[in-house]
A.B. asks: 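Have a look at this one before I ask anything.
In what follows, chains carry the letters A, B, and so on, assigned in the order in which the sequence lines appear, proteins first and then strands, with residues in each chain numbered from 1. Keep in mind that what you see is a predicted model, and the values were worked out from it rather than measured.
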2 protein chains.
Amino acid sequence: MKSKTYHHGDLKNALIKAGVEILAKEGIGKLSLRKVALKAGVSHTAPYSHFSDKQSLIAAISTEGFQRLSKALDSAIKSHANNPKKQLIEGAQAYVKFALANKDIFKIMFSSALEKEKDYPAFVEVSQKAFIQVIDIVRTCQEANIIKSGEADVLAVIIWGQVHGIIALAIEGQISHTVLEKKSLQEIVTQAIEQAIKS
Amino acid sequence: MKSKTYHHGDLKNALIKAGVEILAKEGIGKLSLRKVALKAGVSHTAPYSHFSDKQSLIAAISTEGFQRLSKALDSAIKSHANNPKKQLIEGAQAYVKFALANKDIFKIMFSSALEKEKDYPAFVEVSQKAFIQVIDIVRTCQEANIIKSGEADVLAVIIWGQVHGIIALAIEGQISHTVLEKKSLQEIVTQAIEQAIKS
DNA sequence: ATTGTAATCTTGACACTGTCAAGATTTTAA
DNA sequence: TTAAAATCTTGACAGTGTCAAGATTACAAT
């Protein structure tokens with residue numbers, strides 16, 4: 001695979017990939033620049049040629065997370081064109097699925113491991129894109145008279161917040177066992193949306 | 001206040017307090033055991049007489065956060081006895097207020113800075129207590145016919161998740177400026193609940 | 001093609017961190 | 001009174017993020 005040249009060739013992506021792997025296998029607490037570098041087969045300061053600091057790498061990983069999430073949302077939207085309600089429900093399901101399948105990436109995306117002092121344009125762009133997708137679904141539902149009309153973005157925050165909150169609580173282990181024995185996360189989220197819709 | 005005895009007298013609480021202060025002033029990233037010890041005026045390993053490791057101190061800080069939150073909820077509940085709807089709305093407002101006034105404690109309470117391998121009984125107890133308070137409010141609303149009946153705990157997760165999710169997104173800076181210019185967090189949360197109620 | 005400049009990567013260093021081990025001091029209980 | 005337990009200190013170690021200086025390579029301008 002890798003010819004042992006002095007220059008790696010695609011180190012930046014290799015570092016992100018290594019970071020994602022460490023995140024999945026060992027969790028946020030074990031993610032270090034040095035370990036990422038080691039995994040990519042370079043010296044411990046090589047990452048500094050591509051990332052200004054650890055925050056910057058985290059931003060890149062989060063960005064990739066949002067790209068994947070965005071792609072999942074897009075797929076849900078396109079799979080159910082002309083069926084706004086299904087778009088909404090399946091979009092939410094995609095959100096749940098993504099979070100459960102990528103717990104630590106999901107955490108890092110939202111849990112402000114990223115301190116927002118500096119801004120990371122790519123991150124901001126793709127995370128806003130995800131929000132815009134949600135707004136669009138809501139707007140479509142409004143046009144189809146499935147959701148009450150009004151400010152679509154505020155409504156989107158409310159609905160998105162609901163989905164996000166339930167998942168976040170679940171991932172952090174804050175939802176009691178007894179509840180999760182009755183209903184799966186998927187079911188709870190779906191029920192939440194159904195309630196929100198028929199109002 | 002402190003006589004300079006060899007034994008501190010109330011070091012455990014002093015460490016928690018110091019931790020909370022650092023959290024408020026410098027954020028999660030700057031919270032270290034050594035700094036907490038320094039602030040309390042003891043050596044860098046003194047905390048190990050009271051906390052098995054850093055996680056354990058974080059657990060204690062989170063626990064205190066839940067105690068405060070729980071107290072705020074309790075106050076909202078008691079201030080509006082015989083008015084379930086107000087209990088629900090004011091409870092949510094208390095939740096918002098607490099989160100905004102203690103952003104970093106709120107983050108640490110939920111953002112799994114606490115890795116859940118070991119369990120922390122005091123933490124589990126008080127965090128569950130908060131959830132029980134929420135369930136009770138929901139149950140009361142059901143009895144007053146303000147919320148549709150059904151499994152109260154599942155409904156509580158849905159409502160709590162909604163409130164929590166909106167706040168979490170806001171605190172992590174994920175809610176776009178344009179939305180927050182139209183409506184404050186308090187208003188958004190209230191609107192969310194009003195919608196949830198009249199279904 | 002040559003060469004200078006920029007990009008990439010390495011070695012070495014520093015301060016800071018969590019944590020352990022050994023020992024000092026104080027409190028508590030027998 | 002004294003033995004044991006609790007509390008606190010000093011000293012050490014490995015792991016971390018990050019900087020500085022220099023080595024190696026790619027690349028663009030001549």
Side-chain angles (χ1 to χ4, degrees), chain A residues 1-19 21-23 25-62 104 108 112-118 120, chain B residues 1-19 21-23 25-62 104 108 112-118 120:
Chain A
M1 285 273 142
K2 311 176 200 173
S3 53
K4 281 173 196 171
T5 55
Y6 190 91
H7 280 11
H8 180 286
D10 192 26
L11 183 55
K12 187 168 187 176
N13 286 319
L15 291 170
I16 295 175
K17 192 174 175 185
E21 283 174 21
I22 291 175
L23 218 47
K25 285 181 194 156
E26 310 186 46
I28 303 170
K30 300 289 183 182
L31 179 66
S32 80
L33 271 183
R34 292 174 101 109
K35 211 181 289 183
V36 165
L38 185 68
K39 193 154 196 163
V42 292
S43 77
H44 62 257
T45 58
Y48 285 89
S49 293
H50 302 277
F51 302 101
S52 61
D53 53 16
K54 189 183 180 182
Q55 287 290 310
S56 178
L57 172 63
I58 291 180
I61 295 176
S62 301
D104 290 270
I108 233 182
S112 79
L114 231 200
E115 292 151 25
K116 298 290 179 7
E117 289 132 19
K118 303 173 191 174
Y120 301 90
Chain B
M1 287 273 140
K2 309 177 202 174
S3 53
K4 279 174 196 168
T5 56
Y6 189 90
H7 279 12
H8 179 286
D10 193 25
L11 183 54
K12 186 169 186 175
N13 286 319
L15 291 170
I16 294 175
K17 192 174 176 182
E21 284 175 22
I22 291 175
L23 218 46
K25 284 181 195 157
E26 311 186 48
I28 304 171
K30 300 290 183 183
L31 179 66
S32 78
L33 271 183
R34 291 174 102 110
K35 211 181 289 181
V36 165
L38 184 68
K39 193 154 198 163
V42 292
S43 76
H44 62 259
T45 58
Y48 285 89
S49 292
H50 302 277
F51 302 101
S52 61
D53 51 17
K54 190 183 180 183
Q55 285 291 308
S56 178
L57 173 63
I58 291 179
I61 294 176
S62 302
D104 290 87
I108 232 181
S112 79
L114 230 200
E115 293 153 22
K116 296 293 181 5
E117 290 133 16
K118 305 174 190 174
Y120 301 91

A.B. asks: Quick test of your reading: applying salt bridge (Lys or Arg N to Asp or Glu O under 4.0 Å), list the pairs with at least one residue in residues 25-38 of chain A, sequence neighbours left out, ordered by first then second residue.
C.D. replies: A:Glu26-A:Lys35
A.B. asks: Please classify the nucleic acid contact of B:Gly29 as base, sugar-phosphate, or nothing, using heavy-atom distances under 4.0 Å.
C.D. replies: nothing
A.B. asks: What's the spacing between B:Tyr48 OH and B:Leu33 CG if we round to 0.5 Å?
C.D. replies: 5.0 Å
A.B. asks: Between C:dC9 atom P and A:Lys12 atom NZ, what is the distance in whole Å?
C.D. replies: 12 Å
A.B. asks: I need the minimum non-hydrogen distance between B:Asp104 and B:Gly27, along with the two atoms involved.
C.D. replies: OD2-CA, 3.5 Å
A.B. asks: Please give, in whole Å, the distance from C:dT17 P to B:Leu38 CG?
C.D. replies: 10 Å
A.B. asks: Using a 4.0 Å cut-off on heavy atoms, which residues in residues 47-60 of chain B reach DNA chain C? List them by number, or say none.
C.D. replies: B:Tyr48, B:Asp53, B:Lys54
A.B. asks: Please report the distance, rounded to the nearest Å, between CD1 in A:Ile22 and P in D:dG15.
C.D. replies: 14 Å
A.B. asks: Side chain of B:Leu33 only, heavy atoms from C-beta on: which candidate in D:dC8, C:dT19, C:dC9 is closest?
C.D. replies: C:dT19
A.B. asks: Does any N or O donor sit under 3.5 Å from an N or O acceptor when you compare the side chain of A:Thr45 with the base of D:dT18?
C.D. replies: no
A.B. asks: Between the base of C:dG12 and the side chain of A:His44, is there a donor and acceptor pair under 3.5 angstrom?
C.D. replies: yes
A.B. asks: Got a second to check how far A:Leu38's CG is from A:Ser43's OG, nearest 0.5 Å?
C.D. replies: 10.5 Å
A.B. asks: Identify which nucleotide among D:dT16, D:dC8, C:dT17 has an atom closest to any side-chain atom of A:Lys35, counting heavy atoms from C-beta outward.
C.D. replies: D:dT16
A.B. asks: Can you measure B:Arg34 atom CZ to D:dA12 atom C1' for me and round it to whole angstrom units?
C.D. replies: 10 Å
A.B. asks: Using the side-chain contact (heavy atoms from CB on, under 4.5 Å) rule, pick out the option among B:Ile61, B:Leu23, B:Leu31 that qualifies with B:Val36.
C.D. replies: B:Leu31
A.B. asks: How far apart are the C-alpha atoms of B:Ile58 and B:Tyr120, what are their side-chain angles, what is the distance that settles it, and do they pass the side chain to side chain contact (heavy atoms under 4.5 Å, CB included) test?
C.D. replies: CA-CA 10 Å; B:Ile58 291 179; B:Tyr120 301 91; over 6 Å; no
A.B. asks: Under 4.0 Å between any heavy atoms, over every strand shown, what does B:Ser32 touch: base, sugar-phosphate, or nothing? Just pick one.
C.D. replies: sugar-phosphate
A.B. asks: If I take atom CG from residue A:Asp10 and atom NE2 from residue A:His50, how far apart are they, to the nearest 0.5 angstrom?
C.D. replies: 8.5 Å
A.B. asks: Expressed in angstrom and rounded to an integer, what is the separation of B:Asn13 atom CG from D:dT7 atom P?
C.D. replies: 12 Å
A.B. asks: Using whole Å, what does the distance between atom P of nucleotide C:dT17 and atom NZ of A:Lys30 come to?
C.D. replies: 18 Å
